[in-house]
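What follows is a short report on a single structure.
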Protein chains: 2
Amino acid sequence: MVRSRVSDAVIRRMPRYYRYLVDLEKNGVERISSEKLGRYTGLTASQIRQDFNCFGGFGQQGYGYNVTDLKNTIAGILGLHKHYQVIIVGAGNVGQALANYTNFKDEGFTVAALFDTQSPPVGTFVNGVLVWPVEKMEAFVREHQVDIGIITTPQSVARKIAERMAEAGIKGIWNFAPVDVSLPEQDVCVENLHLSDSLLTLTYHLNEDPAKKE
Amino acid sequence: MVRSRVSDAVIRRMPRYYRYLVDLEKNGVERISSEKLGRYTGLTASQIRQDFNCFGGFGQQGYGYNVTDLKNTIAGILGLHKHYQVIIVGAGNVGQALANYTNFKDEGFTVAALFDTQSPPVGTFVNGVLVWPVEKMEAFVREHQVDIGIITTPQSVARKIAERMAEAGIKGIWNFAPVDVSLPEQDVCVENLHLSDSLLTLTYHLNEDPAKKE
DNA sequence: TAGATTGTTAATCGATTAACAATC
DNA sequence: TAGATTGTTAATCGATTAACAATC
């Protein structure tokens with residue numbers, strides 16, 4: 001994937017800021033200082049100011065940050081001003097769950113279609129989303145100008161599907177299969193999310209030698 | 001959560017090594033050098049050797065690493081030699097998907113029960129896992145010696161559920177609700193996995209100023 | 001204005017990479 | 001043995017934290 005000049009660590013904190021700012025706005029908070037936001041999010045005030053200044057100065061000396069403005073600015077940075085057409089390949093448990101995940105609808109993501117080879121039967125609906133045979137994927141992507149492809153297939157076919165998505169013109173791939181997908185030569189962004197990797201960091205900590213904890 | 005002496009960056013690479021080693025073993029590879037493993041995983045040989053040496057020397061000079069031994073050693077570090085009793089609170093899309101996720105069964109995780117307040121109706125089965133009223137959670141945890149609690153509830157109740165889990169004696173929490181759960185004063189490990197945070201890093205990259213890419 | 005708080009530079013800390021002696 | 005490759009120390013790089021002048 002292409003590497004931006006803003007470090008990955010900073011980028012991965014932005015959605016977190018966004019989440020907290022949405023909460024603050026809901027609670028009617030109008031302004032917030034980096035120090036208070038730091039206490040709220042568990043980060044240091046210094047880091048927050050550094051992070052925001054990767055994208056320009058959003059605050060005002062002596063005042064802090066306007067919650068709504070900052071929230072909207074970060075939404076823009078994260079690309080949330082746009083609407084995204086999404087397809088999901090692999091209509092198993094995870095694929096179906098994501099098709100039904102209302103949080104995404106609220107944030108401007110439309111699941112336009114599910115693709116699979118077998119079950120649930122092609123032609124059925126999963127919460128209003130039609131399941132297609134995977135052979136039709138490329139044609140669908142081109143016709144509906146799909147932005148994001150989600151891969152929830154078994155590991156064995158994930159890389160092949162990713163290549164086909166890239167070939168068909170998809171620009172962003174969100175991969176849940178337990179294999180790292182990367183398409184460096186193509187102009188495609190890939191975000192790998194490995195559920196089991198996350199779970200194994202938890203079991204690591206559960207089994208950590210308590211003597212080594214501090 | 002307690003902080004180990006091994007850095008978080010190292011810990012988060014261990015499941016990845018494990019994944020690749022499982023693959024290598026499946027493909028009949030018996031030994032591998034840090035350099036080859038580096039090319040395979042996309043990391044540097046130096047980093048791999050540093051990472052492994054956080055836990056002791058697993059290799060042999062002039063030879064490299066025995067794939068099966070290394071895989072088993074890392075499995076042990078990640079706590080995969082044990083079996084885990086798991087409950088899921090929140091039987092919505094994500095909760096049901098995780099209850100059905102066969103990958104976990106293969107790795108020694110048993111989903112003993114689902115808990116919810118309403119749908120799917122309490123008393124029904126989701127792929128062989130019974131749905132209980134959430135009031136029964138504490139009693140169930142104590143009776144069945146549950147190790148891990150998965151939170152797939154709405155945001156609004158996630159923190160309360162986490163506290164109840166900790167109170168009931170659960171030692172590890174895997175939180176999917178879009179709110180950071182942390183229980184610093186309790187002896188509980190929490191792994192937050194925010195699906196939408198991951199998605200937003202993808203949309204960030206999709207909207208990145210191409211001039212800033214290199 | 002005075003107080004508060006940012007934007008930004010400098011200092012520190014930690015993680016990654018490089019190098020190489022040890023040794024299989 | 002000679003070649004290969006680790007384990008480990010030292011050097012570098014980058015990210016976080018601290019400090020403070022700018023300014024609202």
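In what follows, chains carry the letters A, B, and so on, assigned in the order in which the sequence lines appear, proteins first and then strands, with residues in each chain numbered from 1.
- A donor-acceptor pair under 3.5 Å links the side-chain atoms of B:N66 to the main chain of B:T68, judged by distance alone.
- For A:R13, a side-chain nitrogen or oxygen approaches OP1 or OP2 of D:dT16 to under 4.0 Å.
- Using a 4.0 Å cutoff on non-hydrogen atoms, the parts of residues 64-76 of chain B near DNA chain D are B:G64, B:Y65, ordered by number.
- Cation-pi geometry between A:R31 and A:Y65 is not met at under 6.0 angstrom from the ring centre and within 45 degrees of the axis.
- The separation between B:N53 atom CG and C:dA15 atom P is 16 Å, rounded to whole Å.
- Atom CG of B:D51 and atom P of D:dT8 are 14 Å apart (whole Å).
- Of the two residues near DNA chain D, A:Q47 and B:S34, the one whose nearest nucleotide lies more 5' is B:S34.
- Following rounding to the nearest Å, A:K36 (NZ) and C:dA4 (P) show an atom-to-atom distance of 11 Å.
- Between A:Y20 and A:Y40, the distance separating the two ring centers is shorter than 6.0 angstrom.
- Taking the centre of each ring, A:W174 and A:Y84 stay at or above the 6.0 Å mark.
- Whole-Å rounding puts the B:I48 CD1 to D:dT8 P distance at 17 Å.
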Summary of protein contacts for nucleotides 18-24 of chain C, nucleotide by nucleotide, where a base hit scores B, a sugar-phosphate-only hit scores S (4.0 Å, heavy atoms):
BBB-BBB

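- Among the candidates B:R19, B:E25, B:K26, the single residue satisfying the side-chain contact (heavy atoms from CB on, under 4.5 Å) test with B:V22 is B:K26.
- Residues A:Y101 and A:F109 place their aromatic rings such that the two centres sit no closer than 6.0 Å.
- Partner assigned to C:dT8 is D:dA19, using Watson-Crick or G-U wobble distances below 3.5 angstrom.
- Put simply, CG on B:D8 is 9 Å from P on C:dA15, counting in whole angstrom units.
- Counting heavy-atom neighbours within 6.0 Å of B:K36 NZ, excluding the residue itself, gives a total of 12 or less.
- In this structure, CD1 of B:I32 is placed 13 Å from C1' of D:dT5, rounded to the nearest angstrom.
- For A:E35, the CD atom is loosely surrounded, since the number of other residues' heavy atoms within 6.0 Å does not exceed 12.
- In the displayed structure, A:E30 atom CD is contacted under 6.0 Å by at most 12 heavy atoms of other residues, nucleotides or ligands.
- Atom CD of A:E35 is separated from atom C1' of C:dT6 by 12 Å (rounded to the nearest Å).
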